[in-house]
Amino acid sequence: MSAPLLEVKHLKKYFDTPSGPLHAVDDITFTLNAGETLGVVGESGCGKSTLGRAILNLHPTTDGETWFEGELITGCSKARQKELRKEMQIIFQDPFSSLDPRMTVSQLIAEPLDIYKIYSNKADQEKKVDELMDTVGLAARLYNAYPHELDGGRRQRIGVARALALNPKFIVCDEPVSALDVSIQAQILNLMQDLQQERGIAYMFVTHNLSVVKHIANDIMVMYLGTMMEKSPAKELFSRTLHPYTQALLSAIPIPAIGQKRERILLKGELSSPINPKPGCRFAPRCPYATEVCLQKFPELEEIFPNHFVACHHVREVNGI
Ligand code: SF4
């Protein structure tokens, strides 16, 4: 078996605050193969976007390592980071605020090519921009349009084209469809899947919505307050959801079949603070199954079924296994 494209080992990212360190990402470990997608799911503030940025060295990490194609890239030099940006890209959630409103579609797509001088002359640059517009399904007539003249879906296609311009092997997709209408979401997800198949790109797909990654992720990791609660192959996670938090997330997804209903698990209790977090399970204040041990002892990840990892002291009792 070939080595993974990306290896993240015990990654931590804490932010200093006047009240103490905020544990945004706390000891996350995973691997990702070329051409595969890891869905990273959790509520806002769970650290999933920070994790993506820390992997790309956009945030300095507090501890842990990221390896890309067998190279340790955590804390590498600025020059190496710039080089790596060709291989590792990001697509942002809000295409409108991530695009300079004074630049046209063609200028926005040409920008990464300009920075890295990925063309031999002006004609070659224009040809590359035309090809990228075609690849992401932007009509040639939009060449000189400005972002405000486009709908959200087309703006996100610019974001995808910019990420693709340097032919990366890995893209962090940070909630790339959550600002879009449902029908447009499907178009962008299909486009990203097609590009993955053609080019073998690996995605880390960050989202608060489990259903978005159901059909596109190979593996899904569920995060809560900076820590990993559950990780498994996507199909397995949906057919055998083991962690009480994932069960609550899943219960919020409507079932498309008429007449079928899923009982919604409403989480009560306060979100605990990620600043100087208490020992024990971070989900304990909201977990219906919490006991004394949950408040005292941090639950380590355990492989309950092959490749299905869960961090919960009572996973067996909760699921009758
Ligand atoms: Fe709930 Fe305890 Fe499991 Fe945490 S460890 S999810 S509090 S049962």
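Just follow the structure's listing: the first ligand is 1, and inside any ligand the first atom is 1. Fair warning: this is a prediction, and the values are worked out from it, not measured in the lab.
With a heavy-atom cut-off of 4.0 Å, Ala284 touches ligand 1 through backbone and side chain alike. Residue-level proximity to ligand 1 for Cys312 is carried by backbone and side chain together, each with a heavy atom below 4.0 angstrom.
Heavy-atom distances between Met229 and ligand 1 stay at or above 4.0 Å for every pair.
The distance from atom 2 (Fe) of ligand 1 to the nearest N/O/S atom of Cys294 is under 2.8 Å. Residue side and main chain included, Cys281 places an N/O/S atom under 2.8 Å of atom 4 (Fe) of ligand 1.
A perpendicular orientation is assigned to the rings of Phe283 and Tyr224, their planes being inclined by more than 60° (bins at 30° and 60°). The aromatic rings of His148 and Tyr146 sit parallel, their planes meeting at an angle under 30°, below the 60° perpendicular limit.
For atom 5 (S) of ligand 1, the nearest protein heavy atom (residue, atom name, distance) is His313 N, 3.3 Å. The shortest contact between atom 1 (Fe) of ligand 1 and any protein heavy atom is with Cys287 SG, 2.3 Å.
Salt-bridge formation is not detected for the pair Lys13/Asp63: no Lys NZ or Arg NE/NH1/NH2 atom is positioned less than 4.0 Å from an Asp or Glu carboxylate oxygen.
When ring centroids are compared, His59 and Phe15 come within the 6.0 Å threshold.
Close approach of ligand 1 to His243 (heavy-atom distance below 4.0 Å) involves ligand atoms 6 (S).
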